[in-house]
Amino acid sequence: MAATAPRPHDIPDAAGIGLREPHREAFVAAGLPAPWVEVHSENYLVPGGPRLAGIERVRRDRPLSCHGVGLSLGSAGGLDPDHLLRLRALYDRLQPGLVSEHLAWSVADGVYFNDLLPLPYTEESLDLVCRNIDHAQDALGRRILVENPSAYIAFADSAISEGEFLAALVARTGCGLLLDVNNLHVSATNLGFDPRPWLDAIPAAAVGEIHLAGHARLRIGEEDLLIDDHGSAVGEPVMTLFATVMRRIGPRPVLIEWDNDLPELDVLLADAQRAQRVMDTAATVPELCHAR
Amino acid sequence: MLADTQRGFAAHLLCGEAGIEESLRPGLPAARLGVYRNTVMGSLAAVLGQAYPTVRRALGEDRFTSLACRFAAENPPRRPMLWSYGGDLPGWLEAAGDALPPWAPDLARLDRAMHEALFAADADPLDPARLASVPPDRVDTLRLVLHPSVRLILAGWSVHALWKDLDAVPRAEPEAVLVGRTDGEVRCARLDPPDGALAAALITGRTLSDAAAEGGPEGGGDLQAMLLRLLHNRLVVGYALDAGPMEG
């Protein structure tokens, strides 16, 4: 495949979309109306067929980011070497401009849970996740971005704040960060913390990508929780927090994720344009601590 | 230990087992754990629903989801590529009984074959002219190599008609369904049992003469029509000839 693989293409500091299979054909037919797209890596770990051919078609003309949802950087049992090989082959084929994973676990004793599950933020977890990131970056031959999770619970033995935990991952492994502003808002609301010191704690220069998405408010037991369902337009509080992030760290590749109750492609593109305007406006406001 | 925490969390996700709530920060309602359990089970049921769309419609959303959640708790995924998850569902439905319609496992096999065919490896079709160049005295020893997407379902019920129209009345009549992907599109065709036996022999790499013996003229199968069908649908990707007789 090396002879036909596209050259790596940097992801621009602009608002792209998470491209989902039901939108792929419409996206191509409309002339690829987004500056870049991101896909979930595991959806393209297929032997062949129209799905793989379709994303190669998109990749020919647009920068592509690959977002892994199954590597499980937080697994106590370490990473699956077969899965790393599969991902490596896909990334060598698609040459994504960015590759990302999550600060979470989804595999225990060989069972894959289709969710991004929370870790206790302890020294034991920090050592383990650093080892797993080193392993992943080595095996993939690339720097990866690590995304902050959305959380509904926290563990009693968590002794490190999430922001400090992410900063330590960057310092010890050289990984970058994928700042999911919706996840930050969801976690901060559900767990009752202030996102500002969280933002102070992470190294701005390490943020290589931003995610935005919609969330839902649901009654769970005796309380309302924010659920990270990626099933609606980006909420106003998240856009406001995104504007704050932009004023602090400057423009970045920004992505709209929408996974459930998919709307027409135009609706998704309109949300990306909304994010682009927020980013453009923030660029005209004096930056407090622009570091990159 | 982190490994113990994850094991406890996993037991909660799959079986609702208690215990993990003791690790939570004091003051956080244990009901919050239910968000994770709902996400995991709900998303696996949705994945199975995408892989078995006709069964889902035939059984109805609620009944399918409840079966899918039970299946997922007993057979959780072992690989993160969820398009490949759930291949054991037809057999599980057969064993589950559950007063399910007797045709449900066969319909599930057809859904599964079509789902797998969509993701099977690519291969270029054989130019039929190359088959024409096989010497006539060697044709009997020819074995076809079929496209990686080709699947054959041997069913005890008329699931092809049901797949086309869920309002069709299922009949307890054996049939075969041939599935394959042509130019990126998965198609299926109903075969009578003799043609099904013929197709099964060709798929498993038997020679044309052996295949003809399995389902051929006495059994009612039509080898020539089957070859034309496979070639027309661009499902033949190669062939092999057995070594010819030694010539002195």
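Just so it is clear: chains get the letters A, B, ... in the order the sequence lines come, proteins before strands, and each one is counted from 1. All values derive from a computational prediction rather than experimental measurement.
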May I ask you to check whether [X] and [Y] show a side-chain donor-acceptor distance below 3.5 Å?
X: A:H67; Y: A:H102; answer: yes
X: A:N183; Y: A:E147; answer: yes
X: A:H215; Y: A:D228; answer: no

Checklist line | chain B contact via A:E223 - which portion, at a heavy-atom distance below 4.5 Å | finding: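 Contact with chain B is through the side chain of A:E223 alone.
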
Item checked: Under 4.5 Å from a heavy atom of chain B, the part of A:A154 involved -> both

Margin query: If we ignore hydrogens and angles and just use 3.5 Å, is the side chain of A:N190 paired with the main-chain N or O of A:L226 as donor and acceptor?
Written below: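 Looks like yes, one N/O pair under 3.5 Å.
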
Next item on the list: Count the heavy-atom pairs under 4.5 Å between each of A:L71, A:L191, A:I227, A:N260 and chain B, then report the option with the highest count.
Entry: A:L191

Check: Relative to chain B, which of A:L52, A:I220, A:I153 shows the most heavy atom pairs under 4.5 Å?
Finding: A:I153

Check: Looking at A:V69, A:L87, A:V99, which hits side-chain contact (heavy atoms from CB on, under 4.5 Å) with A:S41?
Finding: A:L87

Checklist line | Residue-level interface, residues 109-122 of chain A with chain B, non-hydrogen cut-off under 4.5 Å | finding: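 A:D109, A:G110, A:V111, A:Y112, A:F113, A:N114, A:D115, A:L116, A:L117, A:P118, A:L119, A:P120, listed by number.
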
Check: Between B:A120 and chain A, which part of the residue has a heavy atom less than 4.5 Å away: side chain, backbone, both or neither?
Finding: backbone

Margin query: Quick one, A:E56 with A:R59, criterion salt bridge (charged side-chain N to carboxylate O under 4.0 Å, His left out). Give me CA distance, side-chain angles, the key distance, then yes/no.
Written below: CA-CA 5 Å; A:E56 288 188 314; A:R59 172 64 189 92; over 6 Å; no

